[in-house]
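Read the structure below first, then the notes.
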Protein chains: 2
Amino acid sequence: MPTPDPPRKVRADARQNLDTLLVAARTVFARSGVDAPAREIATEAGVGVGTLYRHFPNRAELVAAVFTTEIDATAAEAASLLATHPPGEALDLWITRFTRFVATKQGLSAALRSGDPAYDALPALLTSKLGPALASLLEAASAAGEIRPGVDPLELLQAVGDLSHRAPSPDGTPNPMVRLLLDGLRAQ
Amino acid sequence: MPTPDPPRKVRADARQNLDTLLVAARTVFARSGVDAPAREIATEAGVGVGTLYRHFPNRAELVAAVFTTEIDATAAEAASLLATHPPGEALDLWITRFTRFVATKQGLSAALRSGDPAYDALPALLTSKLGPALASLLEAASAAGEIRPGVDPLELLQAVGDLSHRAPSPDGTPNPMVRLLLDGLRAQ
DNA sequence: TGCGTAAGCGGAACAACGTTCCGTATAGTG
DNA sequence: CACTATACGGAACGTTGTTCCGCTTACGCA
């Protein structure tokens, strides 16, 4: 087998630029949505586009990197909700939280749902991070007899993402169509 | 008031090119999806892009024009389903049909859901044509007590569109998430 | 401390897109 | 048959994402 892990030396300025890029991207995404041009992000970071593309193979990976921490937090919340609420209620609360996360990020849902291969990294990220979280919630609620069994977590996750493009109503009420979907889980 | 309708003379070759463009667009959309480049459509029709853009202000209008007849047919089917089936069943059948229509058109749902202003004409078309059709189905089913009242037809239409990007399963089973949504309509 | 080298950088350049523009061609009329 | 409004083709423009490469610079070693 080849050298397992040759001591990679990462230059300090490279590490620095990577951080700067992430911060800039977060700023720009908030201001102009995830569809903001790569050049705008590079400019905001004060680097050239070449630098951006050395750190991220494409825009989607950058988007994914920016939202990773927030996604991790959302995933983590599944466990704590499950510990403090009845399974069905925990499921609802978590879905609502996820809905708000998606709706909050201007253009995130559009990117998720575009089917554009350029954004493949995003579904992959949600799948790997949020899939298991939702699976645990579904399993608990299903075991408690609160929802029908046999619902595919990834399919549901994708569906909720699909439905979450509208901004959440200010009073905290979740999207009515998501509500409908959740009610459907309880039928039969 | 100004001249109400000065006898416009439409040149024969213009009318001809318009038809050719529609046929070409239908062909190309089927082959390469609705995201196919405008140039590809113009080439298929054997005309220049300028001609395309004189007949349609933008790509979205062309897409809308291509699907108009099919959309009209779908809308019309609401009435006939309502005449031959119980309201709830008619609703399910129609939604399934709509689902298949969207899933069949490669990239149509992506366009619908993209939020891209370039595709504004599409939601407008569905809204005006299919909205009333779905409204009649919902009203009938609701009056029969088969579903909950107060569901916004346009919201539901959009939601089903959002969920219909996967190809329909060959056995004719509708998308499970759409199924869930429909079950949700029956809850309470 | 200074130097050589690879890691890293900037931004010009490329390809693909939607859309606009305008010189040229022609359908239809008198 | 000639004239003109109508329509046409396709080059050109502005914006994308992404690639490429000559130059810069960090940093391990002497």
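Hydrogens, waters and symmetry mates play no part in the numbers below; they use all other heavy atoms, side chains included.
- For the pair B/R39 and A/R39, both in contact range of DNA chain D, the more 5′-proximal nearest nucleotide belongs to B/R39.
- Taken from CG in A/L157 to CZ in A/F98, the straight-line distance is 4.5 Å, to the nearest 0.5 Å.
- When the side-chain nitrogen and oxygen atoms of A/Y53 are compared with OP1 and OP2 of D/dT18, one or more of them lie within a distance under 4.0 Å.
- Comment: B/R97 does not engage B/D92 in a salt bridge, judged by the lack of any side-chain N to carboxylate O separation of less than 4.0 angstrom.
- Of the residues in residues 13-31 of chain B, those placing a heavy atom less than 4.0 Å from an atom of DNA chain D are B/D13, B/A14, B/N17, in numerical order.
- The closest donor-acceptor contact from the side chain of B/N175 to the backbone of B/L163 lies under 3.5 Å.
- Place A/G48 and B/A12 on DNA chain C by their nearest nucleotides, and A/G48 ends up nearer the 5' end.
- Atom-to-atom, CG of A/D35 to C1' of C/dC17 comes out at 15 Å; the value is rounded to the nearest Å.
- Atom CZ of A/F56 is separated from atom P of C/dG8 by 14 Å (rounded to the nearest Å).
- A distance-only check finds a donor-acceptor pair linking the side chain of B/R26 to the backbone of B/V66 [under 3.5 Å].
- Between B/L52 atom CG and D/dA7 atom P the separation is 15 Å, expressed in whole Å.
- Note on B/H55: every side-chain N or O is 4.0 Å or more away from OP1 and OP2 of D/dA7.
- Listed candidates were D/dT16, C/dG18, D/dC27. Nearest to the side chain of B/P37 is C/dG18.
- A straight line from CG of A/N58 to P of D/dT19 spans 8 Å, rounded to a whole angstrom.
- No hydrogens or angles were tested; on distance alone, nothing pairs the side chain of B/R59 with the base of C/dT19 as donor and acceptor under 3.5 Å.
- Residues forming a side-chain hydrogen bond (donor to acceptor under 3.5 Å, both in side chains) with B/S32 (at least two apart in sequence, or on another chain): B/E40.
- In this model, the phosphate group of C/dG10 is approached by a side-chain N or O of A/T51 to a distance below 4.0 Å at OP1 or OP2.
- Regarding B/E61, its CD atom lies at a distance of 14 Å from the C1' atom of C/dT19, rounded to whole Å.
- Nearest to the side chain of B/V49, among D/dG10, D/dC27, D/dT18, sits D/dG10.
- Here the CG atom belonging to B/D162 is positioned 4.5 Å from the CD atom belonging to B/Q158, to the nearest 0.5 angstrom.
- Rounded to whole Å, atom C1' of C/dG18 lies 14 Å from atom CD of B/E40.
- OP1 or OP2 of D/dC8 lies within a sub-4.0 Å distance of a side-chain N or O belonging to B/R54.
- Note: A/E89 CD to A/L81 CG = 9.5 Å, rounded to the nearest 0.5 Å.
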